[in-house]
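All heavy atoms count here, side chains included; hydrogens, waters and symmetry mates do not.
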Amino acid sequence: MFERGITRHGRFPRDPLALVLLAVLLGTLLAAAANASAGLPRTGQRTCFDDQGAAIDHAGTGQDGELQAGAVWPDPRFADNGDGTVTDRLTGLMWLQDGSCLGRLSWQGAMAIAAGGGEAVRPDSCSGLDLYDDWALPEITQLEELFHAEEASAAGWLNRHRFRNVQPGAYWSGTTGPNPYRAWLLHFDSGEVRLAGKIDRNFCLLVRQPAESAGEGAPPRPGQPAAAGRLVDNGDGTVTDQAAGLMWLKDGACLGSAVWLEGLRKVTDFNRDPAKYGCGELTARYQDWALPNRHEMRSLIDHRRDLPALPADAPFIDPLVRYWTATTAAARPAAAFVLLLGSGELLAVAKDREQGIWPVRPSAGRPDRRRILAQELTAGASKDPFLLEAIGGSRPIVWPVKRFTEHGDGTVTDNISGLMWLNDGACFLPETWENAGMVVEVLNSSPDRLQCAAYQGRYADWQLPEMAVLRELLQGAQGVPAAWLQSQGAADIIDRDYWVRDSNPVNLYFAWAINLRDGTPRNYPKSFELHVWPVRLPEAPAAVSPAPLLLANGEEGGLLLKKGNELLLSAAVSQVSGAVPALFRIWYVDPAGRQRWLTSQGSWTSMESELYRGNLFLLEESPVFRGDTAELAPGDYTFFFVVIPAEGKGEGGQTEFISQLQVTVAAAEPAAVFQPLAEPAAEEMIHE
């Protein structure tokens, strides 16, 4: 499939009549490709960045933010149908409006909910769900079209545009991977597209194709199992994808690998002088090649194939393992998206890493279409004089800042689940599954017999963790789970397998373990010697007395700002006595008496919203919002930070704990007027 030499389509014929027929055929193919390209929308990215993540001028960069290739989005993009559903005017698809009312489900559970069965859902928990009987889990390409590449939080952007409660996490698609036990999902926080085991629990957002919008000339969707002949070898060193309307170099390796900025420059240089790169069979001469954006790069993928994840009849030669896209990861602007060709996954990778370069161009030519600028999106919009806007766009608020709190006795508590873990993940030697349970009993009864020198506690209820508990802990992991756990406050966690309590009900000689190098569960014979990391359940405190504190520019109580000054809000929580579930909220009341609530996506909304829901935890001064007061009307703005424990009371039966501060925005001082110096008198000039 990837052999060099003459393609199976042969060379161009020399007969004149054949050339005419070939020209007609190619014209038809190009016209079809041009129509099909409408199915590949823009990514939404408008800003260009350097390799450190700083915004730069777009001109001549070749980045996604400059070219903005793809179909233009309608404005407004989404329509609220008023019944718990939202229609995407770009695709015609109808979506369930609430992005988390179904909770976290396994893939099978999400599929069953879409089909009208499976796990029970309260009738009032998902408005609009019972209106239709043709809901489905979206295909992964449909889910990706909801991602806004300009936004640091794509979930927050959706929540500001007709959706509700879309979470900054992973969402299932209905697309099964090459391994039938895995399915594709999209991370609305990072923008990554990954495969996951179907037993994992993730969010889901249901979709339907209304009958009135079906069959309106929508082109074939890229990324689906390819029909034969979709990829056409043009015989000139290029390959046309008729489904996406794109043309690729046939030789996937001739531009080699480079760091991100160098890769962009390589494509520019290739447009000037392609001959110096020695691309196999290349005789075509085009000058509008570009590094593909994330939609263009992923359009090549057949989601049910791997190694490589390309259509079966792909005529490419020498494809590399990884390829850069021109799209910066807005949540990590020092990173850009990279396609893993072996699996088809899309990851955010630091721009100083070397990855492959594979240019692309629209098969019908690059249209002369001006860029959409950020200021155009707000032109003519009526401004709310009391709405505080984020500087540089809103950012998700991630609490707790660290997952674990250390107790100084060799134990740490998971701030989210409240579970206590032994701090040292390497104080036990690898043990068989049976012996793992025995050494944990020794930890409960005679800890001095063990080599856990840092452990000074005297708890008698340690146990091996259940698989679900350890997997839940690792859901927030970034990179190698063992390294992430250590960055969150645990110590000496080894990137190997750790036993869990679960045995295999089918084969009693096997039990389960979790690999902390990649976070996956594995089944091993119980005679294998693996690592041990004990856990214990949290103790419910008799009373709680959290002390929230809200600060403005580091000040408590009150602050006076001139219009145009920056406002930095920070939150802190102290005097936490235990891992009690609680609700955290921040809001302000403007001079007109209206309330604005801070969402978990770092933006303000007029609807009552929660900032975080989880166990109480100690929080040092943590920034939650950074805004510019230049557009804010003068007056007094009163901010509140409240913590509401679900159980346990403070002194005097207190059930809410609140901090309050006032920010007064004053009119800016008028600029000083330049007064020219008076001319010196004649005699003064003589003396000088």
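- Cation-pi geometry between Arg194 and Trp172 is not met: the NZ or CZ atom fails to fall both under 6.0 Å from the ring centre and inside 45° of the normal.
- Smallest separation of non-hydrogen atoms from Thr327 and Asp64: OG1-OD2, 2.8 Å.
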>> Using side chain to side chain contact (heavy atoms under 4.5 Å, CB included), reason through Asp384 and Arg594 one step at a time and then give a plain yes or no.
In response: CA-CA 11 Å; Asp384 183 339; Arg594 289 176 294 188; 3.9 Å; yes
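- The closest side-chain donor-acceptor pair between Ser100 and Asn165, if any, does not fall under 3.5 angstrom.
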> Taking it one step at a time, do Ser603 and Thr599 satisfy side-chain hydrogen bond (donor to acceptor under 3.5 Å, both in side chains)?
Replying inline: CA-CA 6 Å; Ser603 59; Thr599 72; 3.3 Å; yes
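- The salt bridge (charged side-chain N to carboxylate O under 4.0 Å, His left out) pairs that include a residue from residues 155-167 are Glu151-Arg160, where partners are two or more places apart or lie in different chains.
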>> For a salt bridge (charged side-chain N to carboxylate O under 4.0 Å, His left out) check, start with the C-alpha distance between Asp313 and Arg230, then their side-chain angles and the critical distance, and finish with the verdict.
In response: CA-CA 8 Å; Asp313 62 346; Arg230 170 190 143 186; over 6 Å; no
>> ring pair (Phe, Tyr, Trp, His ring centres under 6.0 Å) for Phe584 and Trp399? Distances and angles first, verdict last.
In response: CA-CA 10 Å; Phe584 299 73; Trp399 277 357; 5.8 Å; yes
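- The pair Arg471-Asp200 counts as a salt bridge, with a side-chain nitrogen and a carboxylate oxygen less than 4.0 angstrom apart.
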>> Would Phe640 and Tyr588 count as a ring pair (Phe, Tyr, Trp, His ring centres under 6.0 Å) here? Give the steps.
In response: CA-CA 6 Å; Phe640 301 89; Tyr588 72 86; 9.9 Å; no
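- Judged by a 6.0 Å distance limit and a 45° cone about the ring axis, Arg294 is positioned over the six-membered ring of Phe147.
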>> Please determine whether side chain to side chain contact (heavy atoms under 4.5 Å, CB included) holds for the pair Asp88 and Trp95, giving the CA-CA distance in whole Å, both sets of side-chain angles, and the decisive distance to 0.1 Å.
In response: CA-CA 8 Å; Asp88 185 349; Trp95 296 85; 4.1 Å; yes
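- To the nearest 0.5 angstrom, Leu102 atom CG is 6.5 Å from Leu96 atom CG.
- Proximity of Trp260 to Leu291: side-chain heavy atoms (C-beta onward) are separated by under 4.5 Å at one or more points.
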> Given Phe337 and Leu347, is the side chain to side chain contact (heavy atoms under 4.5 Å, CB included) satisfied, shown in steps?
Replying inline: CA-CA 5 Å; Phe337 291 109; Leu347 307 182; over 6 Å; no
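- Here Trp184 contributes atom CH2 and Ser173 contributes atom OG; the two are 8.5 Å apart, rounded to the nearest 0.5 Å.
- Using a 3.5 Å distance cut-off with no hydrogens or angles, the side chains of Glu472 and Ser417 do not pair a donor with an acceptor.
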>> Could you walk me through whether Glu610 and Ser600 satisfy the side-chain hydrogen bond (donor to acceptor under 3.5 Å, both in side chains) test, starting with their C-alpha distance in whole Å, then the side-chain angles of each, then the deciding distance to 0.1 Å, before giving a yes or no?
In response: CA-CA 7 Å; Glu610 61 188 48; Ser600 60; over 6 Å; no
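- Using a 4.5 Å cut-off on side-chain heavy atoms (C-beta onward), Thr175 and Arg304 make contact.
- Contact record, Ser363 with Thr240: CB-CG2, 4.1 Å, taken as the closest heavy-atom pair.
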>> Go through it in stages, so that I can follow the logic: the residues are Glu608 and Arg585, the test is salt bridge (charged side-chain N to carboxylate O under 4.0 Å, His left out), and I'd like the CA-CA distance, side-chain angles, deciding distance and then a yes or no.
In response: CA-CA 9 Å; Glu608 186 171 320; Arg585 285 194 171 114; 3.3 Å; yes
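- Every residue two or more places apart in sequence or in another chain that forms a ring-ring contact (aromatic ring centres under 6.0 Å, His included) with Trp73 is listed here: His148, Trp157.
- Judged purely by distance below 3.5 Å, without hydrogens or angles, the side chains of Arg42 and Gln68 pair a donor atom with an acceptor atom.
- Every residue two or more places apart in sequence or in another chain that forms a ring-ring contact (aromatic ring centres under 6.0 Å, His included) with Trp248 is listed here: Trp358.
- Pairing each heavy atom of Gly174 with each of Met111, the nearest pair is CA-SD, 4.4 Å.
- When only modelled atom types and interatomic distance are considered, Gln45 and Asn293 share no side-chain donor-acceptor pair under 3.5 Å.
- Formation of a donor-acceptor pair under 3.5 Å by the Gln63 side chain with backbone atoms of Ala326 is not found in this model.
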